[in-house]
Amino acid sequence: MFSDKTKKYHLADSKEEFLQNFPENNEVTKNFPFGEVLFVRKEDEIYAFINNCPHQGQKMQGCAIVDGRVICPVHKYKFDVKTGRGHGLYLDFYPLEENEDGFFLLRTYFSWFGE
Ligand code: FES
């Protein structure tokens, strides 16, 4: 039976510990089995999204976050940080969760087999 599944990826033992890894430019990339994710820190928020722009597949490093939208550094397409929608394209965002077991990235995917 097909369904949506959510997998958790451990990032750090706490959000505080994860925040210590951010350099001056407030961007960090990490590789996962599904692709490279760009983490962008802006004030107290951390945004996590796939590091390939859906427009022409360019890297998103150097992007800006303004008024709730991520702006691609290449052609300036904008993507809503809550829905990922922008210019008829979608940028995959990933929720982050902190609980007693640590700080996690959550990725929801479609499964044909319920696994
Ligand atoms: S590659 Fe991002 S807007 Fe064109």
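Since we're looking at a predicted model, the values are computed, not measured. Whatever order the structure lists ligands and atoms in, that order sets their numbers, starting from 1.
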Checklist entry - Given the rule in the side-chain hydrogen bond (donor to acceptor under 3.5 Å, both in side chains) test, do His55 and His75 qualify, once you have shown the distances and angles that lead to the verdict? => result CA-CA 9 Å; His55 176 229; His75 304 110; 3.2 Å; yes

Item to check | CA sep, side-chain torsions, deciding dist, call: Glu97, Asn99, side-chain hydrogen bond (donor to acceptor under 3.5 Å, both in side chains) | outcome: CA-CA 7 Å; Glu97 176 185 292; Asn99 61 35; 3.0 Å; yes

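Hydrophobic clustering (side-chain heavy atoms under 4.5 Å, transitive across Ile, Leu, Val, Met, Phe, Trp, Tyr) groups Phe103 together with Tyr47. Tracing side-chain contacts under 4.5 Å through hydrophobic residues (I, L, V, M, F, W, Y), one reaches Val81 starting from Ile50; they form part of the same cluster.
A side-chain donor-acceptor contact under 3.5 Å links Gln61 and Asn51.
For the side-chain contact (heavy atoms from CB on, under 4.5 Å) test with Phe39, the passing option among Asn26, Leu96, Asn21, Leu19 is Leu96; the others fail.
With waters left out, the protein N, O or S atoms under 2.8 Å from atom 2 (Fe) of ligand 1 add up to 2.
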